[in-house]
Colleague: 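This structure is in structure tokens; I'll ask about it shortly.
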Amino acid sequence: MTSDEVRDGVTLTNLDQPLFDDAGATKRDLVDYLDAVRDRVIPVLRERPLSVVRVRQGQAPFMQKNVPSYAPGFVRTVTLWAESSQRRVSYALCDDRRTLLWFANQRAVEYHPALVHAGDWDRPTHLVLDIDPPSAEAFPQAVAAARLVGRALADAGLSGAVKTSGAKGLHVFVPLEAHTTEDVAAATRALGVRAERLDPALATTAFIREDRGDRVFIDSTRSGGATVVAAYSPRVRPGVPVSFPVAWDDLDRITPGDFTVHTAAGLLRDGDPWAALMPEPQRLPRDLIEEGHTIPVARVQAMHEGKRRARARRAPS
DNA sequence: GAAAAAG
DNA sequence: CTTTTTCAACGCCGC
DNA sequence: GCGGCG
Ligand SMILES: [Mn+2]
Ligand SMILES: [Mn+2]
């Protein structure tokens with residue numbers, strides 16, 4: 001009647017507790033799901049500095065980058081200098097089952113790997129366009145916006161794979177040959193703007209929420225030091241949905257809630273659709289990169305406006 | 001979940 | 001010694 | 001060192 005267990009040498013505790021408020025799942029459901037898909041999720045985490053989102057019932061979720069000093073020795077880490085906090089941060093590299101199980105026992109629900117491999121700091125492996133609809137109800141619009149991205153890619157001679165984020169929207173991934181972070185970020189901006197231009201009433205690249213209206217945000221900022229939730233990762237949301245690969249042709253027939261910690265392993269059977277749907281690594285066209293370098297970084301512009309607004313508030317006209 | 005601080 | 005509290009993020013970059 | 005956002 002104990003809810004504890006040892007698996008692959010890792011002690012798992014409180015397995016019958018609710019995972020978090022409104023999860024509709026226990027900690028055991030998380031552990032069993034991750035263990036069932038380990039041979040598909042570990043390949044997307046391997047050798048990548050990892051951030052996780054942990055959550056405990058009755059508490060707010062929090063993101064964890066630095067691996068706590070109490071972590072067991074089998075958890076591999078890589079140490080990076082964090083400019084903003086002026087300190088060293090030890091990121092985990094989740095490349096084996098024990099590490100994955102240890103994180104699961106830590107109530108790490110979401111897995112956000114970097115877009116680079118450790119040691120290859122200026123060679124992102126993927127270009128990512130993040131499709132964020134204004135609400136969960138607008139998922140069909142997110143699908144339409146993803147198709148705009150698909151057209152922009154095709155027009156540039158590129159192709160990508162798509163997955164649900166597990167939350168409201170979608171992620172489009174394009175595997176890359178060797179390019180610098182700077183060039184990939186530029187190409188991402190250019191693709192975002194090109195997709196937006198295909199249907200400006202549906203999609204926007206506006207970084208300020210208020211400026212988006214009811215349009216779908218095509219987020220080109222998932223590059224550089226940013227992370228993106230991994231394929232197959234659960235999310236801290238009611239029902240514990242998971243980020244799940246979908247064929248372009250199937251997008252109209254699915255909804256993010258179809259894939260949860262309860263259903264996803266069964267749908268996958270022995271398959272690895274993320275690996276299967278991913279095209280070969282691609283070289284970015286010169287003109288796409290150059291176009292991107294003329295587009296300002298969305299966040300920075302937005303920050304200036306925010307600063308201006310704050311100043312105006314303090315000293316009204 | 002674990003360590004540090006408080007009782 | 002037991003109970004309660006605390007902690008667990010980053011980058012983007014111009015002003 | 002702040003601002004908005006993910
Ligand atoms: Mn998103
Ligand atoms: Mn986003």
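Proteins get letters first, then strands, A, B, ... in listed order; numbering begins at 1 in each.
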Colleague: Heavy atoms only, 4.0 Å cut-off, all strands: where does A:Val228 land among base, sugar-phosphate and nothing?
Modeller: nothing
Colleague: Side-chain N or O of A:Ser84 versus OP1/OP2 of C:dG11: is the shortest distance under 4.0 Å?
Modeller: yes
Colleague: Kindly point out which of D:dC5, B:dG1, C:dC10 is positioned nearest to the side chain of A:Ile208?
Modeller: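 Ranking D:dC5, B:dG1, C:dC10 by closest atom to the A:Ile208 side chain puts D:dC5 first.
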Colleague: Give a yes or no on whether a salt bridge exists between A:Arg189 and A:Glu291, defined as a side-chain N under 4.0 angstrom from a carboxylate O.
Modeller: no
Colleague: Take the protein atom NE2 of A:His112 and the nucleotide atom C1' of C:dA8, then report the distance between them rounded to whole Å.
Modeller: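 Between C1' of C:dA8 and NE2 of A:His112: 15 Å.
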Colleague: Can you find a side-chain donor-acceptor pair between A:Asn105 and A:Thr13 that sits under 3.5 Å?
Modeller: yes
Colleague: Between A:Asn14 and B:dG1, is there a contact of a side-chain N or O with OP1 or OP2 at under 4.0 Å?
Modeller: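 Affirmative; the distance criterion is met.
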Colleague: Measure from CD on A:Gln64 to P on B:dA3 and round the result to the nearest Å.
Modeller: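 Whole-Å distance recorded here is 13 Å.
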Colleague: Report yes if at least one side-chain N or O of A:Ser85 is closer than 4.0 Å to OP1 or OP2 of C:dC10; otherwise report no.
Modeller: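 The answer is yes; a side-chain N or O of A:Ser85 sits under 4.0 Å from OP1 or OP2.
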Colleague: Give me the distance, rounded to whole Å, that separates C:dC10 from B:dA2 when you measure between the P atoms they each carry.
Modeller: 22 Å
Colleague: Of all the nucleotides listed (C:dG11, B:dA2, C:dA8), which has the minimum atom distance to the side chain of A:Gln106?
Modeller: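 Of the options given, the side chain of A:Gln106 lies nearest B:dA2.
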Colleague: Output the rounded distance in Å from CD (A:Glu110) to P (D:dG6).
Modeller: 14 Å
Colleague: Below the 4.0 Å mark, does B:dG1 have OP1 or OP2 next to a side-chain nitrogen or oxygen of A:Thr13?
Modeller: yes
Colleague: Nearest-Å distance, CD (A:Glu83) to P (C:dG11)?
Modeller: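 Distance check: A:Glu83 CD to C:dG11 P gives 7 Å.
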Colleague: Which whole number of Å gives the distance between the C1' atom of D:dG4 and that of C:dA9?
Modeller: 16 Å
Colleague: Select base, sugar-phosphate, or nothing to describe what A:Ala226 touches, counting heavy atoms under 4.0 Å on all strands.
Modeller: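 A:Ala226: no heavy atom of the nucleic acid under 4.0 Å.
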Colleague: Would you say A:Arg212 places a side-chain N or O within less than 4.0 Å of OP1 or OP2 belonging to D:dG4?
Modeller: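 For A:Arg212, the contact criterion (side-chain N or O under 4.0 Å from OP1 or OP2 of D:dG4) is not met.
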Colleague: At under 4.0 Å between heavy atoms, what does A:Arg56 touch on the DNA or RNA strands: base, sugar-phosphate, or nothing?
Modeller: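 Base: the residue A:Arg56, judged by heavy atoms under 4.0 Å, touches a nucleobase.
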Colleague: Taking only the side-chain heavy atoms of A:Arg107 (C-beta and beyond), determine which of C:dC13, B:dG1, D:dG4 contains the nearest atom.
Modeller: B:dG1
Colleague: Is there a side-chain contact between A:Arg222 and the phosphate of D:dC5, meaning an N or O under 4.0 Å from OP1 or OP2?
Modeller: no
Colleague: Measuring from atom CZ of A:Arg235 to atom OH of A:Tyr111, what distance do you get when rounded to the nearest 0.5 angstrom?
Modeller: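 Those atoms lie 13.0 Å apart.
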Colleague: Between B:dA2 atom C1' and A:Phe103 atom CZ, what is the distance in whole Å?
Modeller: 15 Å
Colleague: Using a strict cut-off of less than 4.0 Å between a Lys/Arg side-chain nitrogen and an Asp/Glu carboxylate oxygen, indicate whether A:Asp8 and A:Arg38 qualify as a salt bridge.
Modeller: no
Colleague: Can you tell me, in whole Å, how much space there is between the C1' of C:dG11 and that of B:dG1?
Modeller: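 The answer is 28 Å between these two C1' atoms.
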Colleague: Of the nucleotides D:dG4, C:dG11, B:dG1, which has the atom closest to the A:Phe207 side chain?
Modeller: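 The nucleotide sitting nearest to the side chain is D:dG4.
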Colleague: Kindly give the heavy-atom pair with the smallest separation between A:Val55 and A:Ala60, and that separation in Å.
Modeller: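 It is CG2-C, 4.5 Å.
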Colleague: Would you say A:Lys27 places a side-chain N or O within less than 4.0 Å of OP1 or OP2 belonging to B:dG1?
Modeller: yes
Colleague: Following the transitive rule for hydrophobic clusters with a side-chain heavy-atom cut-off under 4.5 Å over Ile, Leu, Val, Met, Phe, Trp and Tyr, establish whether A:Val228 and A:Trp121 coincide in one cluster.
Modeller: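 Unlinked, A:Val228 and A:Trp121 end up in two clusters.
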Colleague: Once you round it to whole Å, what is the distance between P of C:dA9 and OH of A:Tyr91?
Modeller: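 That distance rounds to 9 Å.
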Colleague: For A:Gln86, report the nucleic acid contact type (base, sugar-phosphate, nothing); a contact means any heavy atom under 4.0 Å.
Modeller: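 The answer is nothing, as A:Gln86 stays clear of every strand by at least 4.0 Å.
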Colleague: Just the rounded figure in Å: distance from P of B:dA2 to CZ of A:Phe62.
Modeller: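 Checked: the CZ to P distance equals 12 Å.
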Colleague: Of all the choices, C:dC7, C:dC10, D:dG6, which nucleotide is nearest to the side chain of A:Phe217 once you look at every atom?
Modeller: D:dG6
Colleague: Is the NZ or CZ atom of A:Arg40 positioned over A:Tyr232's six-membered ring, under 6.0 angstrom from the centre and within 45° of the axis?
Modeller: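 No, A:Arg40 and A:Tyr232 do not form such a contact.
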Colleague: Send over the distance from A:Gln59 CD to B:dG1 C1', rounded to a whole Å.
Modeller: 10 Å
